[in-house]
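Proteins get letters first, then strands, A, B, ... in listed order; numbering begins at 1 in each.
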Number of protein chains: 2
Amino acid sequence: MEFTFLGTSAGTPTKSRNVTGLALSHGGPKHWYLIDCGEGTQHQLLRTHHSVMQLQAIFITHIHGDHTFGLPGLLTSASMLGRTAPLYLVAPRPVKTFIEAAIGNSDSSLSFELRFVDSEAENFYWEDDSLSVTAVPLSHRVSCRAFVFTEKNLERQLVRDRLEADGIEAGPAWGRLQQGDDVVLQDGRLARCDDYTRIARKPRKVIVAGDNDQPDLLLAACTGVQVVIHEATYTQEVSDRVGPWPQHSSAAQVARFAEAAGVPNLVLTHFSSRYQFNPDAYPHIGEIESEAKGIYRGNLYLARDFARYTLGKDLIFNATEHL
Amino acid sequence: MEFTFLGTSAGTPTKSRNVTGLALSHGGPKHWYLIDCGEGTQHQLLRTHHSVMQLQAIFITHIHGDHTFGLPGLLTSASMLGRTAPLYLVAPRPVKTFIEAAIGNSDSSLSFELRFVDSEAENFYWEDDSLSVTAVPLSHRVSCRAFVFTEKNLERQLVRDRLEADGIEAGPAWGRLQQGDDVVLQDGRLARCDDYTRIARKPRKVIVAGDNDQPDLLLAACTGVQVVIHEATYTQEVSDRVGPWPQHSSAAQVARFAEAAGVPNLVLTHFSSRYQFNPDAYPHIGEIESEAKGIYRGNLYLARDFARYTLGKDLIFNATEHL
C-alpha cells in the first residue's frame, strides 16, 4: 500500500506545493485511488507513475475548491485519453452538480461512466475487491469527512495439519480453499475455507482526513489503524492569531489527539501557503514539525509534494524516495 | 506592450507545457490582461511577475475546458488574496454559468465584483483607458472568437509652431492640451487639443485568436495589425490524418493566410500535446516550424510556456528572455 502526495498546500498553490491531492495505490499493479482533487492534480500526476486510465475511484472529503477544482480537467483528460472503464466518484452531492455544470458548459462529454456515490449518505460504505471504505464526519466550515480505508481479501494460509488430519489431500481443492472458496470434495463432504485456512496478519487500515478542527472525532475510528493522514494548517500560535473561523487544526491539536489515540504513524499535510520548505524561508515548515514533535511520540512525517510512503504487509510504514 | 505565454498545449497539459493562457501587459506598471484560462493558469502565474491583484480583464475565446477550467481557482485565489477591484470577464455566456456553479457548489464567494461581458453579443466592443477590444467570429466546433486589441490614448506631441503663431504661451494650458483636453484660455478663446497637438505614431494593434480552422476569417481585421497570435495544432500531414472534426488549423494553413494578409509578425501556439520541444523528441515542434517557414516570409515565432515577447512603440516585435 503506497501513498503519493500530489499537493500539500491549503487554499492556494505555491511555487513548490500544489493544493490537496493524494494517490493511494493498492490492490494490483498500477491500481490506485485518488483522495481529493485540487486544481492542477492532473498536472502533478504527469510527474508520477499513476495514470488516470488505472484510477479506480475518487474520494472527495468536502466541497471546497482547493479539494475539487481539479476534477473537470482530470475527468475530461481521462476522456481524451479514451478511458472506457467506469470510474467511481465518492463525494458530497454539490460536487456532482459542479462537475455536470463544468462538462455541460464546456461542450465536453465523458467517454466512460462516472458512478457517483454520495459520501454523506447515512451508513455510507463503499468497497471493491481490494478495499473497504467508511467515512467519519469531521468538524469544518462545510460538511467534511475522513475516509477509513481497510484492506480486503488478505491472503489465506492453508492449515495443513487439519487438512491432513481430515484426509483432504493436496490438489485443486487446496488451491480453491486458499482463494477463499468453500469446496465440495469428491466424497461429497463440504470443506469450509474458514476451517482449513487462516489469515496470518492484520489488515492494513489507514485514515485520510479532510479539513477538520476537532481531531478527537477520529478517536473511535482509530482502532487497528496504522496511519493517520491529517491536516495541520498552522502552528498553535498562528491558529490563535487567525481565529476559529477557518476551522482548521494546529499541529499541537493533531499531535495531542494522535498521542492520546496511540496512532503509530502520523502524516501531517495541508499546510498554510505561508509555510515553506526551503531552509532560509520564514515561516519555515520546521515550526509545525517541532510543535508536533514536542507532543506526539509516534512516527511523525510532514508531507511534501511528491513524497511517497509505503505501508507494508508487516504494518511497517516508511517514507520512500521523492519522485 | 508585452506578451507572456502561460500555456501552449492543446487539449491536455504535458510535463513541460500547460493548456492555453496568455498574459498581455499594457497601460501601466503591472497592469495586465489574461486571454484564456486553462487549468493551472494560476500556478503558471506564480512563476511570472503578474499578480491577480493587478489583472484588469479576462477574455475567453470559447468554452472548451482547456481554455476555461482554470477560472474557478484563479478567481477564488484572487478573493483569498483580498482583491476588491472589480474584474471584467469577457466570455461566452456558458462560462458565466460554469463559474457560478463552481463558486456556488464549493461554498466560495468572491471579495470583488466580477463584471461579466458577453463576448458573443452583436457589435461586441470593450474598452478601458488603455485598450479597445473587438471580436472576430472564427470557425470551430463551438462558437469561438479572436480578440483584436488596439492601443488607446497614445501620447500627444505639442505643435509648438502653431501654439506660438497663435500667441498661446508655454504654461499649464500646454500641459492640458498635451493630455488631450480642450482648454479655455485666459483671454476667453477655446484652444482645441486636436488643433495644437498631434499623435506621432500608429497605435499598436494585435490579434489573439482562439481555436479556428479558417484563418482567412481574420483577413479584414488584419489591417494595421502588427502581430497575429494563432493556433497551429498540427502539421498538415497530421491534420489530414486526424480529419476535419476537431476544427483546428495546420501550420501550413495559418502560414498561407499570414503570408497573403501581409502580417509582419506571426506567433504560433496551441500545439497538440504530442509535439515536444526537447531536441531528441518525436514528433518535434520543429516540424510545425519548418512547415510554416516554407510558406510564410514574415517574422515567425513558436511560443513556448513562459516565453515573453515585446511590441514596442516603434512597432518592432521582439522575443525577450524566457522567465
Looking at Leu71(B), Thr76(B), Leu74(B), which one forms a side chain to side chain contact (heavy atoms under 4.5 Å, CB included) with Phe69(A)?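 Checked Leu71(B), Thr76(B), Leu74(B) against Phe69(A); only one passes side chain to side chain contact (heavy atoms under 4.5 Å, CB included): Thr76(B).
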
So, applying side chain to side chain contact (heavy atoms under 4.5 Å, CB included) with Asp107(A), which one of His62(B), His140(B), His64(B) is it?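 Only one option passes, and that is His64(B).
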
Ignoring hydrogens, what is the shortest heavy-atom contact between Lys15(B) and Leu46(A)? Give both atom names and the distance.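 Heavy atoms of Lys15(B) and Leu46(A) come nearest at CE-O, 3.1 Å.
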
Search all heavy atoms of Gly65(A) against all heavy atoms of Ser106(B) and return the closest pair with its distance.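 Scanning both residues, the minimum pair turns out to be N-CB, 3.8 Å.
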
Relative to chain B, which segment of Ser143(A) carries a heavy atom at a distance below 4.5 Å: side chain, backbone, both, or neither?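 The answer is neither part of Ser143(A).
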
Heavy-atom pair count under 4.5 Å with chain A, highest-scoring of Ala101(B), Pro72(B), Ser108(B), Ser77(B):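 Heavy-atom pairs under 4.5 Å are most numerous for Pro72(B).
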
Chain A: which of His67(B), Met80(B), Arg93(B), Lys96(B) shares the most heavy-atom pairs with it under 4.5 Å?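 Greatest number of close heavy-atom pairs with chain A: Met80(B).
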
Heavy-atom distance under 4.5 Å to chain A: side chain of Ser9(B), backbone, both or neither?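 Answer is neither: Ser9(B) stays 4.5 Å or more from chain A.
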
More than 12 heavy atoms of other groups within 6.0 Å of Glu237(A) CD: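 For Glu237(A), atom CD is not crowded (no more than 12 foreign heavy atoms under 6.0 Å).
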
Side chain His43(B), main chain Glu39(A), donor-acceptor under 3.5 Å: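 At least one qualifying donor-acceptor pair exists.
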
